[in-house]
Amino acid sequence: MTVSYEAVIGIECHVELKTATKMFCGCPNEFGGEPNTKVCPVCLGMPGALPVPNRVAIEHMIRAGLAFGAEIPAFSKFDRKNYFYPDMPKDYQISQYDMPLTLGGTVKYWLEDGTMKTCRLTRIHLEEDTGKSSHAGSGDGRIAGSAYSLVDFNRAGVPLMECVSEPEIHSAVEAVAYLEALRLTLLQLGVSDVKMEEGSLRCDANVSIRLHGAAELGTKTEIKNMNSFRSVHRAIESEIARQTALLESGGRIVQETRGWDEVRGETHSMRSKEQAHDYRYFPDPDLVPMEPLAGAVERVTASIPELPWRRFERFTAEYGINPKQATQLVATGALATYFDRVVELTKRPQQVTNFVLGDLSRLANESGVPIAQSKVLPEALAELIALLEAKTINSKIAKDLLERMWAEGGSPASLVDSLGLAQTSDVGVIEKFVDDAIAANPKVVADYRAGKSNVAGFLVGQIMKASSGKADPALVKDLLLKKLA
Amino acid sequence: MSSDTIDVRYVAKLARIALTDEEVDKFGAQLGDLLAHVNALAELDTSLVPATAQVVESRNVERDDVVIPGLDREVVLSQAPQRQGAFFRVPRIIAE
Amino acid sequence: MALENDPIERSAADIARDVNAGTISASEVVEGTLAHVDAVDARVGAYLTILHDAARERAANVDARVRSGERLPLAGVPLAVKDNMCLTATRTTCGSRILEHWIAPYTATAVARMLEAGCVPIGKTNLDEFAMGSSCENSALGITRNPYDLSRVPGGSSGGSAAAVAAREAAIGLGSDTGGSIREPGAFCNLIGFKPTYGRISRYGLIAFASSLDQIGPLTRTVEDAALAYDAMAGHDPMDATSIDRPVEPAAASLRRDLHGLRIGLVREFDTEKLGPDVDKAYDRAYAELKALGADLVEVSLPTADYGLATYYLIAPAECSSNLSRFDGVRYGLRVDADDVQAMYERTRAAGFGSEVKRRILIGTHALSSGYYDAYYVRAQKARTLIARDFETAFASCDLIACPAASSPAFAFNAKSDPYSMYMMDYYTIPMSLAGLPALSVPCGWVTPAGGVEPMPLGLQLCAPLFAEPLLLGAAHAYERATMHAVKHLPLVVSGARA
């Protein structure tokens, strides 16, 4: 390559909001189910039916907007976006055109090495989802070549947040990191399940490239059909490579929509039906404007938890946790809160990290119970760490205790007492164990003295075993080496 | 204000109504007439006037997020021009 | 009047009083009405669907409720429902091929409230397709004739409900009014045609034509009946986000005997001379009657009202172009098959909609389309603001406004072949619709139109400020009682059938 290009990427996400009911009617908002069973006159677009907005969906929008530092305009309205499609019951979509519920804002995200990045949002607006068409008669379920389509309206009318970023992302890695931060934030705000596999998070990417340092944007293509973070990564990489190769061979990029083909690992052109879309947006006369009141906005503000990116920053900068572990810790809000509480009690962030991401995570995986909901309360874990720090117990005992606490709960200090697990540092007692071990293993002792110093470990094990694990391992080693010398 | 012509074919395509050539001519003439009448609105000075989309002055009309029973599937599908099992069936959708 | 004791002649108020008193049962009222409908409707054509079984069942239910001690404001009152309002398990067609066989799976709020108040639905009435028209001639499913002269139209779009009530085939007809569709047929058929304030009566279950203008209201033979129907239907509905959440002051209690202390505005720009000497004179007499009843007549000005028609014919089609998109052959209604879905849409909608509906969808699509939106749609919305302001200014110096309800008495079939001449029928009613104001037409005299032999009724339109329905109905009641214009002629179809 003689010249170098910079990719410029904007991401458009559609996120289904987590509510009990659909956006404009009382039908349940649930994934799946028997086709056409979660429908009513409103979400089927029956003649005469009218939409009434869901209060919780609007609150979710405001919550999300505030979390990203967006402006919540004093006036907002719903508009109709007119186009015909079989899975869109009214043949218009209730959406928001020029006055969305939130404007601007910033998504802060981080890369694997801990670098913080920001990407501004253009807007987040509220709309209704469509039903689902499945294409039949072609054998492969694709629209091209299908003979007919089957429509299920269960999803029609589910509240959908459209979150549009500015073109400020510059690589596939950044795109995925952006999406991950967005996903975590929305999840922890409780506004969506954000499950890509269930379609509650769907995203398109606008990709263009330009010469490094160029001010103007190149011609962009819109990439669709990416259904996992992995495919987002692959699709963007592939599209950047395609555009680069095209420009380098003297070609021109055509502004178009391209579909990602997971199997072939490339994007392909999706021809546009109407030369120009003419959606004829106009204010929906069935709905009245929204004027989010200051009081309501304040209430929502108060309910916003600490966001994942802020926690990540704090865990890495203040606690010195490495980026990989910090990423794992902020993956769920409850875990991060649990972690924070234990750190607050112990002031030992790295040790807490080791427990949380080590033994506790293993126990959580084995049992299916999340750490924050387990019987090991933060106070109990803090106590365990304190016992370890005070050398009241050693790490082997700590491990056993944690298993017991996971199963039964309770305070580690009282368990140590009642089970007599406190570490023995009595030189007289330990000396006896050491002497016994030396006497019982003459061959090993001979080997050691002959220069095989690594066999000492075996003897330490024997001594620890004889003490039921309670002997202070450091003291054991110390005494043993002295006696063998 | 716009001219009194209307691209009937384009508009009919957007509105998904098939028109014969005769209808294109007939509607073109009739709608041209109507546009000539509505163009009288250009005489009004509306530069400083806000638009009225709705005469009601209500704001923030919202519904509680509570499930209400919907329609029985058989009732819904009994009206379908074409159904297949539990689905509405439509002719092929041309790839866009 | 000779037919005073015949149940079909009686007002809704009288029927409800008698049914509640037990002197007649709802079933008897309904049997009498159905027999009359069966006898005359072949000539009138008011109904698209007659609900014999449902009516009998509902009447029995009303009788049971009355027997159990309930007192229903509209007990046993025969009701005609315009066929753009849903009634569950009943065919609801909008007068269109595209919905000809559609069975509604739910009931409109306004209809449900009338039934709850004791009404018995006799049938679903004809209308201009999707309520677009002023004569009922745009129905794809039948011809409705004016009971006062069968060679003339009943008006529209609520022509079927108007004809039904005029021909005594129901005591109350439900209509919908977008630009005059209750008031004009009310005037043509010698009835009270009442459009309340926009948002006063729920639109849930009313098949939309133009959402920001559509309003349900009654067509009745007396003002008192209109007030009873209004009292039964008005009020907030959580299923309609544009329905107004504000207490309703009952109108039936506000009916008055005179107009003393009321200032009634006559609109300077509404020159009735152009309506012809007979009509002009009739309105002059009507205004004199208002004065004789004690009203102060004052001149008011509505300078932008003349732009009402142009404003309306952008806003209403724009909304309708979007509202009617859902008739696409996918979920219900007509489908004309094709190889692909786009062709299916185009053929279905070509075959399913009539010319007037197509014209309005096309003009509305144009008004909203890229490059024209600001010039047409936004400008019309701004003109709408100016028209509403005109009324606000006018109501600073008067309590009610009086003017014609239509540009002529009922005309002969096929008399308005040019669309714009038909649109002109609503010249006097459209401005009120754009401003969302309550307005009604009340019979104010008779003229024999050129070329006609029968005297035809004229309607006086009264319009009040927002939410002033009690004042409006109260004044109309005083005028009706003092002048008794409505009872000067019986519809031919009734006097003929009963002779």
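Just so you know, these numbers come straight off a predicted model, no measurement behind them. Naming: A, B, ... by sequence-line order, numbering from 1 per chain. All values below come from the heavy atoms of this structure, side chains included, with hydrogens, waters and symmetry mates left out.
- With a threshold of 4.5 angstrom between heavy atoms, C/Ala380 approaches chain B through its backbone and through its side chain.
- Heavy-atom distances place the backbone of C/Leu434, and not its side chain, under 4.5 Å from chain B.
- Contact between B/Pro81 and C/Arg331 at its shortest, heavy atoms only, is CD-C, 3.7 Å.
- When heavy atoms are compared at a cutoff of 4.5 Å, C/Asp374 does not approach chain B at all.
- Contact tally against chain C (heavy-atom pairs below 4.5 Å) for B/Leu71, B/Thr46, B/Val8: the top residue is B/Thr46.
- Looking at C/Ala351, neither its backbone nor its side chain comes within 4.5 Å of chain B, counting heavy atoms on both sides.
- Using a 4.5 Å cut-off between heavy atoms, B/Glu57 makes no contact with chain C at all.
- Using a 4.5 Å cut-off between heavy atoms, C/Thr242 touches chain B through backbone and side chain atoms alike.
- In terms of heavy atoms, C/Val330 sits closest to B/Phe88 at O-CD2, 3.5 Å.
- In this structure the side chain of C/Glu346 reaches within 4.5 angstrom of the side chain of B/Lys13, judged on heavy atoms.
- In this structure, the portion of C/Pro419 lying under 4.5 Å from any heavy atom of chain B is its side chain and not its backbone.
- If you measure heavy-atom distances from C/Tyr377 to chain B, you find no contacts under 4.5 Å at all.
- Using a 4.5 Å cut-off between heavy atoms, C/Thr385 contacts chain B through both its backbone and its side chain.
- Applying a 4.5 Å heavy-atom cutoff, the residues of residues 303-311 of chain C that approach chain B are C/Thr304, C/Tyr307, C/Ala310, C/Thr311.
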Chi angles and distances behind the ring pair (Phe, Tyr, Trp, His ring centres under 6.0 Å) call for B/His37, C/Tyr313: CA-CA 9 Å; B/His37 282 108; C/Tyr313 276 96; 9.9 Å; no
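- Looking at B/Leu19, the atoms closer than 4.5 Å to chain C (heavy atoms on both sides) all sit in the side chain, from C-beta outward.
- For chain B, the nearby parts of C/Tyr345 are the backbone and the side chain; heavy atoms of each come within less than 4.5 Å.
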Yes or no on side-chain contact (heavy atoms from CB on, under 4.5 Å) for C/Tyr372 and B/Ile6, after CA distance, side-chain angles and deciding distance? CA-CA 10 Å; C/Tyr372 295 98; B/Ile6 165 171; over 6 Å; no
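- Across every non-hydrogen atom of B/Gln30 and C/Arg359, the tightest pair is OE1-NH1, 2.8 Å.
- Contact annotation for C/Ala241: both backbone and side-chain heavy atoms come within less than 4.5 Å of a heavy atom of chain B.
- When heavy atoms are compared at a cutoff of 4.5 Å, C/Arg389 approaches chain B solely by way of its side chain, counted from C-beta outward.
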